[in-house]
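Inspection log for the structure reproduced underneath, given as structure tokens.
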Amino acid sequence: MALFANNPDRTSWLHVDKNSDFPIQNIPFGVFLTRDDIITIGTRIGDTAIDLGALHQLGYFDGIPLTDDIFLQDTLNDFIADGRKTWRAVRNRIAEIFDVENKTLKNNTKHKETILFRLDEIEMQLPVQVGDYTDFYSSIEHATNVGTMFRDPDNALLPNWLHIPVGYHGRSSSIIPSGIPVHRPQGQTLPNGASEPVFGPSKLVDFELEMAFITTDANDLGEPIPIEESEEYIFGLVLLNDWSARDIQKWEYVPLGPFLAKNFASSISPWIVTLDALEPYRVESPKPLKKQLDYLKYKGKKSYDINLEVAIQPQGAKENIVSNSNFKYMYWNMVQQLAHHTVNGCPVNSGDLMGSGTISGPTEGSYGSMLELSWRGEKPLKMKDGTERKFINDNDTVIMRGYCEKDGTRIGFGEVSNKLLPVYKK
Ligand code: MN
């Protein structure tokens, strides 16, 4: 099925600002609470949220095989499980309905009243129920920076890194949407020079600039997904802030990797931008530095040119851009990650979330964590209000944004923005 929805020449009868992340070519999917306190699945054009449940009830998806309640749910899991053909048919239809030439809904005031919402009338929810969350470690710049700081600059990458898309299983219970505040975690740390740990608030709370892909039902137990089929099982992407407590991490991570340093919160942007919408922004991945095993070899462009930025906004002050990076820097791409994840027969389900790992670029201003940007705290960053940051302070808001732009069409992700609150008190 052709991607009519991506037609760059199409305009909508809904207003779209010139620099909007959500032109009619985007058509992302999300879940929101309406002014009437109803949860529904929706999309967005410009600053208008569109209730897909209402559109479906009013017959606008006639001819597309969809169950009656597919959009009247509090997660996208079932819709995602319907597969790529359905996602495409629905995106194409939405493009038609809101095309500037189509007067059907445009001239139906009654229908518009139940279908369209201003953004201040809705509250975005988590778009999927995440069954399993995996986080990779796929940026060579990030892995090199961390290896240089904590081990040995001459052997910054561990021997497996150029052979395996390294990852770990995270925790889905603490995945939250943009807007939900995060409390500074407490835990065990080993103070410098001490031989015994202490308990208390983490002093080194950090962000990790990541993107994450969301999968559909992909395989049965025991069945690997060949790399050339992997893309079929990727629904779309979101921005991910994988909050991290560096002092807790340093003490706990040997030998089994991150645990409480990572599972206190991971926040995602609420609109899932489909892989289909990102089609025009494909680029080559970095060339492998070492021969890769056959199951990890792929053909074609499997990376995406997505500009990323991170801002820190101290309470009551202006925001400060602290990093500009790009998703295209990832050494291991998504098809390699998914092929590797399932090569042993591990099943992947609809709504699983796969984090890229911290996305650091080649220059100091493109690093994806405060750990790297401030180089362990040795080079504090200056804020516009005169304060400095080595890591994240209480009441700072961390904001991540991402967008693609080519030939005058911009497709974006909006933002993931969460405030760090002081330690939880009952
Ligand atoms: Mn991470």
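Any value given below was found using the heavy atoms of this structure, including those in side chains, with hydrogens, waters and symmetry copies removed. Each ligand, and each atom within it, is numbered from 1 in the order the structure gives.
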* Atom name in Asp135, limited to N/O/S, at shortest distance from the Mn ion (ligand 1) -> OD2

* **Lys262 and Ser244 side chains, donor-acceptor separation under 3.5 Å** => yes

* Would you mind naming the N, O or S atom of Asp242 nearest to the Mn ion (ligand 1)? => OD2

* Phe235/Phe213 aromatic ring centres below 6.0 Å -> no

* What is the ring orientation for Phe327 with Tyr304, classed by angle as parallel under 30°, tilted 30 to 60°, or perpendicular over 60°? -> parallel

* Check for a donor-acceptor pair, side chain of Asp74 on one end and backbone N or O of Val31 on the other, with a separation under 3.5 Å. => no

* Just to the nearest 10 degrees, tell me the angle at the Mn ion (ligand 1) spanned by Glu210 OE2 and Glu208 OE1. => 90°

